[in-house]
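First the structure, in the form of structure tokens, and then the observations on it.
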Amino acid sequence: MQGLRKDMIPAAKPTIPAAKPVLGDDEVAAAVRVLRDGRVVQGPEVAAFEEEFGSLVEGRPCVAVNSGTSALHLALLALGIGQGDEVVVPSFSFAATANAVRLAGAEPVFAEIDPETFCLDPDAAADAVGPRTAALLPVHLYGHPAPMGRLTQLAQRHGLAVVEDACQAHAAALHGRPVGAFGDAACFSFYPTKNMHALEGGMVVVPDAERARTLRLLRNQGMEQRYENEIVGANMRMTDVAAAIGRVQLERLPEWTEQRRTNAKALDAGLAGGLVTPQVADGARHVFHQYTVRVPGGSAVRDAVQRELQAAGVGCAVYYPTPIHRLKPYAHLGADLPVTDQAAAEVLSLPVHPALTPEDLERIVAAADSAACRAGVTR
Ligand SMILES: *Cc1c(COP(=O)(O)O)cnc(C)c1O
């Protein structure tokens with residue numbers, strides 16, 4: 001197209017990404033500092049990150065590992081959960097929740113969620129408890145805390161362990177108590193799209209030093225002293241490069257969390273009709289890892305809304321289109337979970353990350369309302 005000057009083509013607005021991991025100058029400088037220092041695996045940065053992360057979880061001991069999945073896997077092993085045990089989990093989560101149970105040698109038993117908060121329903125969890133049940137594994141999905149009071153009571157009644165999957169919920173809280181400070185173990189992820197990251201990484205939080213020691217052995221071939229292996233362990237260590245990046249991000253987490261919550265409020269206020277905005281339970285501090293609306297009408301309507309939004313330059317995603325109980329490794333268990341199926345057919349997550357500008361938020365609201373209208377969404 002000779003003669004057509006670039007500035008004559010109307011510029012399309014750039015797409016607003018669904019997530020925007022931060023890897024800024026401070027993170028790069030921290031990584032370079034560690035690389036030059038040379039102590040690169042499970043050294044002083046990891047120890048400092050563990051210590052500092054404790055401030056999020058009422059000072060409980062923290063053990064850093066290489067992913068959120070490793071955190072869940074080792075938490076279950078440290079609690080002695082394995083062959084012959086069952087663990088009650090929500091099916092409406094990332095597959096890692098159930099995979100960790102299988103990797104530990106136990107079987108997941110899938111239970112329904114609360115349709116408003118998308119978190120494990122305590123009544124459904126109670127129905128799922130049987131003679132082999134060893135633990136409950138609630139997920140603080142999208143950054144909304146699971147109902148830990150009722151789940152903890154249920155666990156106490158049956159002598160079960162509680163492992164929190166807090167991989168999406170850094171700094172979420174329930175009645176003033178932070179997630180991670182409820183369970184016999186709690187697991188966080190530092191994957192790039194989470195509320196804070198360390199490239200890859202995870203953290204296990206436990207109530208006591210003895211269990212923390214077991215976890216430190218499990219993540220490092222069962223060794224405290226080199227070549228004096230005490231138990232069978234894996235290599236799930238965190239690198240110091242990851243820890244140094246995590247420390248930078250941890251400092252920014254309070255500011256980012258407030259921004260996510262402010263962005264969610266703006267979306268709540270702006271979205272006019274059709275889409276069902278996220279519900280927050282009494283006493284819950286939601287940290288909006290995702291801002292997830294329901295599109296009533298089923299997956300065809302939801303998918304149409306998603307396509308319209310993407311065409312309008314608004315990144316959005318479905319977490320999760322297939323509930324875990326319908327995935328290949330778990331389908332044979334034959335779980336019947338209509339509330340979960342309906343959620344999977346209706347959810348759509350809009351951008352809520354801290355890098356959004358007021359103009360982005362206006363664009364998201366306008367595009368979502370018009371997409372819902374065009375798809376014929378009615379409440
Ligand atoms: C991300 C995530 C995990 C796994 O964390 P990784 O660091 O990716 O291994 C587990 N559970 C939930 C709910 C998650 O969102």
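This chain uses plain numbering: 1 for the first residue, then up along the sequence. Atoms within each ligand, like the ligands themselves, are counted from 1 in listed order. These values consider heavy atoms only, across backbone and side chains, with no hydrogens, waters or symmetry-generated copies.
L141 is listed as a side-chain neighbour of Q168, based on a closest heavy-atom distance under 4.5 Å. Contact annotation: the side chain of T97 approaches that of L137 to within less than 4.5 Å [non-hydrogen atoms, C-beta and beyond]. Q221 is listed as a side-chain neighbour of N235, based on a closest heavy-atom distance under 4.5 Å.
Heavy atoms only, all atoms of each residue included: T340 and E112 are closest at OG1-OE1, 2.7 Å.
Comment: E255 engages R252 in a salt bridge, judged by a side-chain N to carboxylate O separation of less than 4.0 angstrom.
Members clustered with L56: V46, F49, F53, V57, V179, F188, F190, M196, M203, V205, M238, L250, L253, by chain and number, using a 4.5 Å side-chain heavy-atom cutoff among hydrophobic residues.
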Output, or 'none' if empty, a list of ligand 1-protein atom pairs in which both atoms are N or O and the distance is under 3.5 Å, rounded to 0.1 Å.
| residue | atom | partner | partner atom | Å |
| --- | --- | --- | --- | --- |
| ligand 1 | 5 (O) | S189 | OG | 3.3 |
| ligand 1 | 7 (O) | G68 | N | 2.8 |
| ligand 1 | 7 (O) | S189 | OG | 2.7 |
| ligand 1 | 9 (O) | G68 | N | 3.3 |
| ligand 1 | 9 (O) | T69 | N | 2.8 |
| ligand 1 | 9 (O) | T69 | OG1 | 2.5 |
| ligand 1 | 11 (N) | D165 | OD1 | 3.3 |
| ligand 1 | 11 (N) | D165 | OD2 | 2.8 |
| ligand 1 | 15 (O) | Q168 | NE2 | 2.8 |
| ligand 1 | 15 (O) | K194 | NZ | 2.7 |

